[in-house]
Structures are given as structure tokens and as C-alpha cells.
Amino acid sequence: MVGNELVIRYGLYHPLVIPLRNIAKIQLHDEYVARAQCVKRYNYAGNPNVKIELAEPQGAVEYIFTGLDNPEQFISAVINCSGANEY
């Protein structure tokens, strides 16, 4: 997190910058995620373990899925900084 934004850097992709106020929900996740226009996946193998739902879509993206080493700590940090909900 940088200031009031969450910056997701993943490999050679351009960083995705999400204003913290645009995060409606953040939660643990453990299922397969199919490709879709409204979905952005940042996970090369296995199932992503964090799901972020945006309050307002960024372009066509409404949901972001990523795989992290310590998802619970990440979710807590985002909730504390943004006021997002965990479900």
C-alpha cells in the first residue's frame, strides 16, 4: 500500500493501482477462478487465495484475485487502511 492506494505488482505486468476507497470487499478465497472480462487474476498456479471486490469497476474489472503467502495479514492491513468489509 502506498498512501491511499493499493498497488499490485505482478511479474512483467503493468502495476494495477486501486484507490483504497474503491475496495468494497476483501476476503479469503480457495476456488478456481474462470477467465472473464470482469475478472483480473494474479496467480500463475493453483487457486488464488484473496478476492477483492471493487465498489466501482476499473475499466471492465470488478473482481481481482491474487495468491499471497500470508493472505490473512494482507486482508487485515487492507481493511485497517480502507474500511473495506471482510466476508
Side-chain angles (χ1 to χ4, degrees):
M1 286 180 274
V2 178
N4 292 324
E5 299 176 325
L6 173 63
V7 180
I8 299 175
R9 292 185 178 101
Y10 194 74
L12 297 175
Y13 295 107
H14 291 284
L16 177 65
V17 178
I18 304 165
L20 291 175
R21 68 182 181 279
N22 195 26
I23 298 175
K25 295 180 191 173
I26 185 166
Q27 63 192 48
L28 291 173
H29 182 82
D30 65 356
E31 299 174 4
Y32 172 76
V33 178
R35 291 177 191 249
Q37 206 170 33
C38 65
V39 171
K40 193 76 154 170
R41 300 180 302 176
Y42 293 98
N43 198 58
Y44 283 122
N47 295 329
N49 55 15
V50 174
K51 176 183 178 182
I52 300 171
E53 182 178 336
L54 300 179
E56 302 229 356
Q58 287 190 212
V61 177
E62 297 177 38
Y63 302 97
I64 299 154
F65 294 88
T66 189
L68 301 169
D69 291 336
N70 193 340
E72 293 90 356
Q73 183 179 3
F74 173 75
I75 289 170
S76 292
V78 171
I79 289 171
N80 289 337
C81 291
S82 70
N85 295 315
E86 180 181 17
Y87 290 90

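- Side-chain atoms of Asn22 and Leu54, non-hydrogen and from C-beta on, do get closer than 4.5 Å to each other.
- No more than 12 heavy atoms of other residues, nucleotides or ligands shown are found within 6.0 angstrom of NZ on Lys40.
- Side-chain atoms of Gln58 and Leu16, non-hydrogen and from C-beta on, do get closer than 4.5 Å to each other.
- Closest approach of Val7 to Pro15, counting heavy atoms only: CG1-CB, 4.0 Å.
- At distances below 3.5 Å, not a single donor-acceptor pair connects side-chain atoms of Thr66 with backbone N or O atoms of Val50.
- Expressed to the nearest 0.5 Å, how far NE2 of His14 lies from CZ of Arg9 amounts to 13.0 Å.
- Within 6.0 Å of CG on Asn70 lie more than 12 heavy atoms contributed by other residues, nucleotides or ligands.
- Ala34 and Val39 get closest at one heavy-atom pair: O-CG1, 4.3 Å.
- Here CD1 of Ile64 is found 5.0 Å from CD1 of Ile8. Values are rounded to the nearest 0.5 Å.
- Residues Leu6 and Leu20 form a side-chain contact, since some pair of their non-hydrogen atoms from C-beta on lies under 4.5 Å apart.
- Here Ala77 pairs with Met1 under the side chain to side chain contact (heavy atoms under 4.5 Å, CB included) rule; sequence neighbours left out.
- Scored by the side chain to side chain contact (heavy atoms under 4.5 Å, CB included) test, Arg21 finds Pro19 as partners (sequence neighbours excluded).
- For residues 55-81, every residue pair satisfying the ring pair (Phe, Tyr, Trp, His ring centres under 6.0 Å) rule, not counting sequence neighbours, is listed here: His29-Phe65.
- Following chains of ILVMFWY side-chain contacts shorter than 4.5 Å, one cannot reach Tyr42 starting from Val2, and the two form parts of different hydrophobic clusters.
- In this structure, Arg41 CZ and Tyr10 OH are separated by 10.0 Å, a value rounded to the nearest 0.5 Å.
- Interatomic distance, CD1 of Ile75 versus NZ of Lys25, reported as 13.5 Å (0.5 Å rounding).
- Residues Glu53 and Gln27 have side chains not in contact (no heavy-atom distance under 4.5 Å, counting atoms from C-beta outward).
- Atom CG of Asn80 has more than 12 neighbouring heavy atoms from other residues, nucleotides or ligands inside a 6.0 Å radius.
- For Asn43 against Pro48, the heavy-atom pair with the smallest separation is ND2-N, 3.3 Å.
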